[in-house]
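All figures in this text were calculated on a predicted structure; none of them were measured in a lab. Scope of the values below: all heavy atoms of this structure, side chains included, with no hydrogens, waters or symmetry mates. As the structure lists them, so they are numbered: ligands from 1, and atoms in each ligand from 1.
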Amino acid sequence: MNAKIVLLPGDGIGPEVIREAEAVLRHIATKFGHTFTFSSHMIGGCAIDATGSALPDETLAACREADAVLLGAVGGPKWDDPKAKTRPEAGLLKIRKELGLYANLRPITTFDCLLDSSPLKRNIIEGTDILFFRELTGGLYFGKSGLEQNADGSETAYSTMTYSTHEIERIVRMAAQAAMKRRKKLTMVDKANVLEASRLWRRVSERVVKTEFPELAYDVVLVDSMAMHLISRPATFDVVVTENMFGDILTDEGSMLPGSLGLLPSASLGEPGPGLYEPIHGSAPDIAGKGLANPLATILAAAMLLRHSLNLSEEAAAIEAAVTSVLNSGHRTKDIAQKGQTSISTTEMGQLVLKAL
Ligand code: NAD
């Protein structure tokens with residue numbers, strides 16, 4: 001297959017981890033007989049320095065023409081001035097909006113050899129492999145909001161959770177399709193005992209699943225219960241779909257389970273158009289340029305890119321297996337090394353994944 005992949009290294013450790021992920025993608029292309037064309041563009045703080053914009057037009061145009069986009073991270077103390085005209089994060093928000101990315105995918109997967117790094121007990125976390133679908137462009141964060149002055153001088157503020165049938169259908173369908181390729185289990189999280197918007201989610205979701213995906217095991221869980229289940233029985237979930245704010249909170253709770261930020265990828269998808277893939281960590285300015293960054297989250301984001309944007313599941317699984325095998329052999333970057341264990345550099349970790357492939 002031929003595919004155009006845009007790389008957006010960004011700031012801090014972004015360029016270091018993207019370099020390793022690019023090498024892995026190039027290796028996959030050779031090994032499986034694909035032609036991937038790469039181009040690298042600026043986003044975030046480095047783009048502000050060079051052009052005054054956190055997302056230059058030229059970067060956006062390249063992304064629109066690509067099959068998929070792989071991003072490192074943006075931001076750092078250099079651009080933190082609250083009085084600055086533009087901030088690196090503006091580039092991220094703009095690219096998500098411009099590409100119409102309405103679904104955020106976050107896998108919460110554990111590695112057996114790292115189970116003891118989790119804040120949860122081994123017997124609870126063991127076997128956890130969840131794929132979250134968080135709705136990204138609707139709900140409370142985008143609904144009508146306002147602040148009103150009351151006659152007694154106090155204030156009243158409101159934010160509204162708004163969803164349309166179409167917005168719910170498209171993400172439930174996407175989550176259900178992913179569940180069909182996994183363990184065929186879908187959980188929808190809402191607050192239908194209180195919120196009207198959740199009651200629409202419940203009706204629409206059930207209709208989509210029952211009519212289009214009758215083979216799926218489907219259940220609904222209230223968001224407050226889900227917050228508990230996620231730490232008491234995480235291994236019982238497969239694919240989970242939910243609205244924007246519930247997903248924001250639950251995915252952050254979930255990201256703590258595997259025990260390291262440096263191992264977790266994410267994807268933002270829309271249709272039609274390219275998906276955006278990135279590690280969930282930031283630009284880690286404290287370790288930038290020192291060769292200490294763990295590249296595995298970005299390498300796993302590259303695997304997600306192959307699976308979700310290019311439909312190359314076998315190639316994605318090969319990368320995931322290579323990462324597991326490197327970790328099982330005991331190799332660790334500093335962030336995941338146990339006390340007294342020697343750690344390896346960003347490049348060494350990348351090279352080991354290539355070797356395992
Ligand atoms: P961070 O994720 O960058 O770092 C948190 C801690 O985790 C740091 O100690 C860092 O050294 C460590 N860490 C993160 N990624 C690592 C990796 N791959 N390997 C080893 N250690 C790793 O979060 P922060 O410190 O809150 O933010 C730093 C900057 O990143 C800020 O400017 C913030 O705005 C930005 N940020 C960007 C994104 C993004 O681009 N999507 C996300 C979060 C934060």
Side-chain angles (χ1 to χ4, degrees), residues 6-22 24 41-49 54-55 59 63 69-82 84 86-97 99 101 104-106 111 114 117 119 134 136 247-248 251-252 254-256 258-268 275-305 323 326-327 331-338 341 343-350 352-353:
V6 160
L7 304 172
L8 305 178
D11 309 313
I13 60 169
E16 299 168 54
V17 292
I18 286 286
R19 197 175 305 127
E20 303 309 321
E22 180 186 355
V24 167
H41 302 269
M42 285 187 291
I43 190 169
C46 60
I48 294 176
D49 287 352
L55 183 69
T59 298
C63 292
V69 180
L70 186 65
L71 172 86
V74 301
K78 184 176 175 197
W79 304 281
D80 267 351
D81 180 359
T86 178
R87 291 173 57 97
E89 293 76 12
L92 275 188
L93 296 180
K94 187 166 176 204
I95 196 171
R96 288 177 185 150
K97 181 161 179 274
L99 296 180
L101 305 172
N104 184 239
L105 281 66
R106 282 238 206 143
F111 295 91
L114 291 174
S117 311
R134 164 189 169 193
L136 207 53
D248 189 8
T251 53
D252 266 20
S255 70
M256 284 285 92
S260 171
L261 268 186
L263 291 175
L264 292 175
S266 84
S268 300
L276 176 73
Y277 299 83
E278 56 188 310
I280 74 159
H281 60 71
S283 59
D286 52 332
I287 56 166
K290 297 182 180 161
L292 294 176
N294 185 346
L296 294 180
T298 313
I299 289 172
L300 291 169
M304 286 187 88
L305 179 158
V323 167
V326 170
L327 290 172
H331 302 292
R332 302 282 185 270
T333 43
K334 196 162 170 232
D335 56 313
I336 50 174
Q338 301 281 347
Q341 202 173 12
S343 55
I344 58 172
S345 70
T346 311
T347 314
E348 283 166 330
M349 184 56 102
L352 283 167
V353 174

Ionic contact status for Arg96 with Glu278, cut-off 4.0 Å: yes
Protein contact of atom 13 (N) of ligand 1 - nearest heavy atom, named by residue and atom, plus distance: Ala284 CB, 4.0 Å
Distance from atom 29 (C) of ligand 1 to nearest protein heavy atom, with residue and atom: Ser283 OG, 3.2 Å
For atom 28 (C) of ligand 1, the option (of Gly12, Gly91, Pro285) bearing the nearest heavy atom: Pro285
Side chain, backbone, both or neither: Glu278 near ligand 1, heavy atoms under 4.0 Å: side chain
Proximity winner for atom 43 (C) of ligand 1, if only heavy atoms of Gly14, Gly282, Gly45, Gly72 are counted: Gly282
Sub-4.5 Å side-chain heavy-atom contact between Arg332 and Ile344: no
Residue, atom name and distance, where the atom is the protein heavy atom closest to atom 17 (C) of ligand 1: Asn294 N, 3.6 Å
Min heavy-atom dist Gly76 to ligand 1 below 4.0 Å: yes
Identity and separation of the nearest protein heavy atom to atom 5 (C) of ligand 1: Leu261 CD1, 4.1 Å
NZ/NE/NH1/NH2 to OD/OE distance under 4.0 Å, Asp49 and Lys78: yes
Subset of ligand 1 atoms that lie under 4.0 Å from at least one heavy atom of Ala73: 40 (O)
Atoms of ligand 1 close to Gly75 [distance to a heavy atom under 4.0 angstrom, numbered from 1]: 32 (O)
Region of Val74 that comes within reach of ligand 1 [heavy atoms, distance under 4.0 Å]: both
Nearest-contact summary for atom 34 (O) of ligand 1 - protein heavy atom, Å: Glu89 OE2, 2.8 Å
Close side-chain approach of Pro279 to Leu264, heavy-atom, < 4.5 Å: no
Nearest neighbour in protein (non-hydrogen) for atom 8 (C) of ligand 1: Asp286 OD2, 3.5 Å
Any Val24 side-chain heavy atom under 4.5 Å of Glu20 side chain: no
Verdict with supporting geometry, Asn104 and Ser268, side chain to side chain donor-acceptor pair (under 3.5 Å): CA-CA 4 Å; Asn104 184 239; Ser268 300; 3.2 Å; yes
Closest approach of any protein heavy atom to atom 39 (C) of ligand 1, naming residue and atom: Leu92 CD1, 3.7 Å
Atom 25 (O) of ligand 1 protein-contacted, heavy-atom criterion under 4.0 angstrom: no
Close side-chain approach of Thr59 and Leu8, heavy atoms under 4.5 Å: yes
Atoms of ligand 1, numbered as shown, that sit under 4.0 Å from any heavy atom of Ala293: 19 (N)
Heavy-atom check, side chain of Thr347 versus side chain of Met349, under 4.5 Å: no
Mode of Ile13 contact toward ligand 1 - side chain, backbone, both, neither (heavy atoms, under 4.0 Å): side chain
Carboxylate-amine/guanidinium contact Asp252 Arg106, below 4.0 Å: yes
For the student: nearest non-hydrogen atoms of Thr86 and Ile48, plus distance: O-CD1, 3.7 Å
NZ/NE/NH1/NH2 to OD/OE distance under 4.0 Å, Asp81 and Arg87: no
Shortest protein contact, atom 22 (C) of ligand 1 (heavy atom only): Ile287 CD1, 4.0 Å
